[in-house]
Amino acid sequence: MATYSRITGTGSYLPPQRLTNADLAIRLAATGVETSDEWIVERTGIHARHFAAPDVSCSDLGFEAAKNALQAAGLQASDIDLIIVATSTPDMVFPSAACILQSKLGIAGCPAFDIQAVCSGFVYALTVADAMIKTGAASKALVIGTEVFSRILDFSDRATCVLFGDGAGAVVLEASDTPGILASDLHADGKHVGILCVPGHVSGGKVIGDPLLKMDGQAVFKLAVGVLESAARAALAKANMTDQDIDWLIPHQANIRIMQSTAKKLKLPLEKLIVTVDQHGNTSAASIPLALDTSVRSGKIKKGDTLMLEGVGGGFTWGAVLLNY
Ligand code: ACO
């Protein structure tokens, strides 16, 4: 049985269609919805996002990210013995996006399942993969966050539709004798279901209720800042480390103001904060692995760096994973 699990490769993928705030404002104006680059940048830090083409699914984006992560790890798809996909926008009600992605990778037999924890999905998935590797249930896992949030946006609600984008990120997590994942801290509190949800569901072949995203932005903001600090501190305590040991903070990329407040609460200089929300928008479960891969490939994050990954999202769910990269 392995003592540790460690990230050995990262990958990501963005659909080619990129919309700046100005592009989105023009598109929304055509339906009488007013917004501006100035408002979006000031309140969120977002400048642009990517939207998938209508025939492109969550598993398609995840497949591209997974191929890139496998290549970075120097592995073949056939080496993988566990696939976990974090998503809230799967291709189908069932089977899982993970099963569909497994088939696209041309492999069969290994366990494959989805985790639904909205924007905390990736830290949940990484924690589950780490636990499975440590118990010997797997040795080479693909952990993927992939979303097509553009499909569940209400483009008549300017307070939400400007915030999100589509994309995917992936890591290969392997059994290791040297420490990789150092500690995790996961939580949920279902009483907050109403402040961020997609309340529709399928029944009798019909969508019942509203299948588009609803959010109380200010309530989400307040809750997010508090839980991101507490989860990070709990993960640090479990690893007998302090905030000063963190080289890079990679919070869920929802909103620059939430991210900066979290860094300040953790007494980290803003130079240690990884920011990709400006270019990707909020890609929910994909945002952390996308930010991680972007920073690894740009040379910012180096082997041996200590990373704090943090998610918060609908449920409410939240959590942190502290790791040695
Ligand atoms: N363009 C122009 N004006 C807008 C827009 C827009 N896109 N959206 C809202 N407004 C207007 C409102 O109509 C309102 O106008 P009014 O004063 O005339 O009524 C004004 O701006 C202020 O609206 P608020 O909703 O109060 O704006 P707020 O400052 O709270 O910012 C925001 C909204 C950005 C959503 C903020 O609450 C926030 O960042 N919340 C965190 C939520 C978040 O990041 N969620 C991501 C998903 S959850 C997650 O991933 C964890």
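For ligands, and for the atoms within them, numbers begin at 1 and follow the listed sequence. Model, not experiment: these values are computed from the prediction.
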Any protein heavy atom at under 4.0 Å, with atom 22 (C) of ligand 1 as the reference point?
yes

Short side-chain donor-acceptor distance under 3.5 Å, Glu147 and Thr89:
yes

Between Gly217 and ligand 1, does any nitrogen or oxygen pair lie at a separation below 3.5 Å?
yes

Nitrogen or oxygen of His252 less than 3.5 angstrom from that of ligand 1:
yes

Option nearest atom 39 (O) of ligand 1 (shortest heavy-atom distance, choices Asn255, Leu24, Leu213, Val33):
Asn255

Residue, atom name and distance, where the atom is the protein heavy atom closest to atom 24 (P) of ligand 1
Gln218 NE2, 3.9 Å

Between Phe316 and His192, what is the ring plane arrangement, given parallel below 30°, perpendicular above 60°, and tilted in between?
perpendicular

May I ask which of Val118, Val312, Val225, Asp157 has a heavy atom nearer to atom 51 (C) of ligand 1 than the others do?
Val312

Can you find a side-chain donor-acceptor pair between Asp23 and Thr20 that sits under 3.5 Å?
yes

Ignoring angles and geometry beyond distance, decide whether Arg158 reaches within less than 3.5 Å of ligand 1 through its nitrogen or oxygen atoms.
yes

Under 4.0 Å from atom 17 (O) of ligand 1, can you find at least one protein heavy atom?
no

Side-chain donor-acceptor pair present, Arg6, Asn324, cut-off under 3.5 Å:
yes

Please round to the nearest 0.5 Å and tell me the distance separating atom CG of Leu105 and atom OG of Ser103.
8.5 Å

Could you tell me whether the side chain of Asp247 and the main chain of Thr306 form a donor-acceptor pair under 3.5 Å?
yes

Pull out every atom of ligand 1 sitting under 4.0 Å from any heavy atom of Asn282, numbered as shown with elements.
46 (C), 47 (C), 49 (C), 50 (O)

Under 6.0 Å from the CD atom of Gln17, do we count more than 12 heavy atoms belonging to anything else shown?
yes

Sub-4.0 Å protein heavy atom next to atom 14 (C) of ligand 1:
no

Report the C-alpha distance between Val171 and Leu126 in whole Å, list the side-chain angles of each, state the deciding distance to 0.1 Å, and finish with yes or no for side-chain contact (heavy atoms from CB on, under 4.5 Å).
CA-CA 9 Å; Val171 302; Leu126 204 54; 3.9 Å; yes

For Leu196, the ligand 1 atoms whose distance to one of its heavy atoms is below 4.0 Å
48 (S)

Top protein contact for atom 9 (C) of ligand 1, by heavy-atom distance
Trp39 CZ2, 3.4 Å

Side chain, backbone, both or neither: which part of Thr35 has a heavy atom under 4.0 Å from ligand 1?
both

Does either side chain, that of Asp81 or that of Ser139, offer a donor lying less than 3.5 Å from an acceptor on the other one?
yes

Looking at Phe149 and Leu153, what are the two nearest heavy atoms and their distance?
O-CG, 3.2 Å

Here's one to test your reading of the geometry: is the NZ or CZ of Lys303 within 45 degrees of the ring axis of Tyr325 and under 6.0 Å from its centre?
yes

Answer with side chain, backbone, both or neither: which part of Thr160 has a heavy atom less than 4.0 angstrom from an atom of ligand 1?
neither

Distance filter under 4.0 Å to Phe164 heavy atoms, resulting ligand 1 atoms
47 (C)

Can you sort out which atoms of ligand 1 are near Cys119, meaning under 4.0 Å from one of its heavy atoms?
49 (C), 50 (O)

Begin with the C-alpha distance, continue with both residues' side-chain angles, and end with the deciding distance and a verdict on salt bridge (Lys or Arg N to Asp or Glu O under 4.0 Å) for Asp166 and Arg49.
CA-CA 7 Å; Asp166 301 337; Arg49 77 286 293 139; over 6 Å; no

Would a search of protein heavy atoms around atom 48 (S) of ligand 1 find one under 4.0 Å away?
yes

At a 4.0 Å threshold, what atoms of ligand 1 neighbour a non-hydrogen atom of Val162?
7 (N)

Under 4.0 Å from atom 29 (O) of ligand 1, is there any protein heavy atom?
yes

